[in-house]
Amino acid sequence: MGGEGDQGAGPSRKLACLRVAGAWSGVVEVPLEEWTIKDLRAEVGRLSGFAVESINLISAGRNLKDVQSGVLKAIGLGENSKLLVTRIGGEQAIAMNKERERSERLARIKAAADAMAKRSNEDGFATDDYDMQLENQSGERLRFNSEDDKRALKMGLMLHAKGQELIKQSQFTEALEVLSMSEESFSLCDRKILEAVDNVALLHLDTVWCFFMLRDLALLAVARERLSMSREGLSRSHGRNLERLRVLQGGFCPELAVYVRLELLEGVVAYHSGRSEAARQSLTSAQQKFQQLQVSDEAVAQLANMGFTTKESRRALRMSGQDVQRAVEFLMEERRKKSEKLEEDRRQRRERKEQKKYGKTMSGKAIDMTMLNELASIGYDRQVVAEALRQSENSVQLALDMLSNPATFAALQISLLEPSSTKPSSTPVDEAVLEMLLSMGFEREQVIRALKVTANSNEAIERLIQGQFADAEGTSTSGGESTEVASSSVASGEASRAETPDFGGLDTPPVDMDPRDQEMETEIAANLSGDPLAEYDLEVDKEGEAIFEYLGLVDSLLTVSA
């Protein structure tokens, strides 16, 4: 900002003079390649004496807003630019300031989700405070053919979860913005992945619910297509008659609340489209499902006496069709799964801590713990195996060759005794040998890798000829095409999880680490409960009221027309 900019100014700093007119006239000296619009606004406030929130900046007919990304030069301001300053007073200033804060918050949400999705992969453990994993119904980690697909899916899931949290807080306008970001992220995923999960279907449903809660008839008029895509997606994931969902959930019916909302909204859209009979059919079906979700106080009390909470009891009764015995079975199974998940989380935290201890490969990848466990099971020392994987870029075959060769095995043991700064991955190779191999036509990166993991130049040449280093980098993620898909929902039997920060195995963060919005990342992570039924466990009180309201409207309309 202005004051902060002055403190950092120096003789070598290049400043541009911007001429200002309007509510205040003068000249503002700014570093175009460093300051943002927010900094410029603060400086104008300092010089003019105006409150920052009351200042509106205009350049070349454009309103300059703090949320515009980039420095002043990047957004088009130059040495000869002119600024017009206007003042906003009273309620208008307050409203504009709130809008600015809202826009900044939305930008923070998107940036934090993007940063978390980028870091959440097998190669970037050093900056991961949150371990986000996509798992199938068996709790197995999913593998993706494309890192771009995985990143887009994770970002979409995080933003969708954040949007749902905003809906719970009745912040429907903000929720729509975040849901739109989520939809944009999902659109970057492979179509086959999206067709196999129900996340996008639920996203469409949540979007239309926001339209309805805002009572925006213009938006409701275009909601019919979204509801159609939602129903189609749910049908594809759940089965036409919910048969797939029943198999995944052991016969339980967690989906009723979702279909109450869907059929209510279908009825509302039909009513506002003038299709009264279709509206009544949808609303009547929604009403029947709503009544099935009403649980008796006696049944809740009966489960509470067994040691279950009221919330647990109500959820179990809804998903078991009001059958107390099956509700108990459901609750016991949920507790068993939770206990197993906690134990698995502890195991993974221990494994991540161990992984960090081994450092990274030359290309910055973390040691592949699955491969380490496989090679260690043969009888090799874990530290030696880790060093072999580190030097071979996680290539199982190359690491195994190094472990089985007495010369390279001895070199690995020596390497473990050396300071990290002198280990093979950071020690320069012999330049003469390097130039000789490059003159033979081999790629520079492959030659360097070969020289670092072999005992001598002859062995390096032999392995280079065999092509053993041509795809070493990709061996850690190969394994054929993956047919598994990821979702945070129960429909596909998979869930996204975000664990709490684990700093136990971290040393000081790397100096080149990008600035982190820890507060927003923590907020987003808190929305990822890891509960596969969370998206289905809806309170439907508002839906019940709306069903009653619109059935009355439809009946009145049909009575008049009759």
Side-chain angles (χ1 to χ4, degrees), residues 121-126 128 131 133 135 138-145 147 343-420 422-427 429 445-446 448-456 459-460 462-464 466-482 484 504-505:
N121 56 56
E122 290 79 9
D123 301 335
F125 68 80
D128 281 350
D131 182 38
Q133 299 175 11
E135 302 175 343
S138 302
E140 300 167 341
R141 293 182 63 180
L142 300 176
R143 299 180 73 88
F144 287 77
N145 292 325
E147 285 296 318
E343 180 55 38
E344 175 63 14
D345 288 345
R346 294 190 191 99
R347 186 194 66 78
Q348 290 180 356
R349 281 196 292 272
R350 290 194 299 268
E351 189 172 87
R352 287 199 307 279
K353 188 173 181 178
E354 179 187 10
Q355 184 185 48
K356 293 168 186 175
K357 180 177 67 175
Y358 297 134
K360 293 184 178 183
T361 67
M362 282 196 314
S363 63
K365 293 179 178 291
I367 301 302
D368 189 308
M369 296 302 289
T370 300
M371 296 178 185
L372 188 149
N373 291 332
E374 289 178 3
L375 293 175
S377 67
I378 300 175
Y380 293 110
D381 179 80
R382 292 182 70 82
Q383 287 190 316
V384 179
V385 171
E387 182 65 15
L389 289 170
R390 192 179 71 82
Q391 293 188 23
S392 66
E393 293 291 339
N394 283 322
S395 168
V396 172
Q397 187 57 54
L398 290 177
L400 188 57
D401 288 347
M402 295 170 70
L403 292 167
S404 58
N405 183 315
T408 52
F409 184 82
L412 289 172
Q413 291 179 311
I414 293 173
S415 178
L416 289 172
L417 299 176
E418 296 174 347
S420 58
T422 62
K423 285 188 176 181
S425 63
S426 57
T427 301
V429 299
E445 184 180 348
Q446 295 174 20
I448 292 174
R449 190 181 301 126
L451 291 174
K452 286 180 177 292
V453 301
T454 53
N456 52 61
E459 186 179 349
E462 182 180 346
R463 293 196 181 189
L464 285 166
Q466 294 173 358
Q468 292 185 12
F469 295 92
D471 60 349
E473 184 174 344
T475 56
S476 64
T477 55
S478 63
E481 295 186 0
S482 170
E484 293 179 300

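Computed from a predicted structure; not experimentally measured.
- A distance of 16.0 Å separates NZ in Lys353 from CD in Gln348, rounded to the nearest 0.5 Å.
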One pair to check against side-chain contact (heavy atoms from CB on, under 4.5 Å): Gln413 and Glu387. What are the steps and the verdict? CA-CA 9 Å; Gln413 291 179 311; Glu387 182 65 15; over 6 Å; no
Could you walk me through whether Lys365 and Glu393 pass the side-chain contact (heavy atoms from CB on, under 4.5 Å) check? CA-CA 7 Å; Lys365 293 179 178 291; Glu393 293 291 339; 4.2 Å; yes
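- We find the OG-CD distance between Ser415 and Gln391 to be 5.0 Å, quoted to the nearest 0.5 Å.
- Counting only distance, with no hydrogens or angles, the side chain of Asn394 and the backbone of Ala366 share a donor-acceptor pair below 3.5 Å.
- Note on Glu354 versus Arg350: no salt bridge recorded, every NZ/NE/NH1/NH2 to OD/OE distance being 4.0 Å or above.
- Taken to the nearest 0.5 Å, the CG atom of Leu403 stands 8.0 Å off from the CD1 atom of Ile378.
- Taking both residues in full, the closest heavy atoms of Val385 and Ala376 are given as CG2-N, 4.2 Å, listed atom of the first, atom of the second, then distance.
- Residues satisfying the side-chain contact (heavy atoms from CB on, under 4.5 Å) criterion with Gln383, sequence neighbours excluded, are Tyr358, Asp381, Leu416.
- Here Glu374 pairs with nothing under the salt bridge (charged side-chain N to carboxylate O under 4.0 Å, His left out) rule; sequence neighbours left out.
- Between Glu351 and Gln355, every side-chain heavy-atom pair lies at or beyond the 4.5 Å cut-off.
- Residues Leu398 and Ser392 share a closest heavy-atom pair of CB-CB, 3.7 Å.
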What verdict does the side-chain contact (heavy atoms from CB on, under 4.5 Å) test give for Leu389 and Leu375, after you've listed the backbone C-alpha separation in whole Å, the side-chain angles of each residue and the deciding distance to 0.1 Å? CA-CA 10 Å; Leu389 289 170; Leu375 293 175; 4.2 Å; yes
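- Taking the side chain as every heavy atom from C-beta outward, Asn373 and Arg382 approach each other to under 4.5 Å.
- At a threshold of 4.5 Å between non-hydrogen side-chain atoms, the residues Leu400 and Tyr380 count as touching.
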Report the C-alpha separation of Ser395 and Met371 in whole Å, then their side-chain angles, then the decisive distance to 0.1 Å, and conclude whether the side-chain contact (heavy atoms from CB on, under 4.5 Å) test is met. CA-CA 9 Å; Ser395 168; Met371 296 178 185; over 6 Å; no
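- Rounded to the nearest 0.5 Å, atoms CE (Met402) and CD (Gln397) are 12.5 Å apart.
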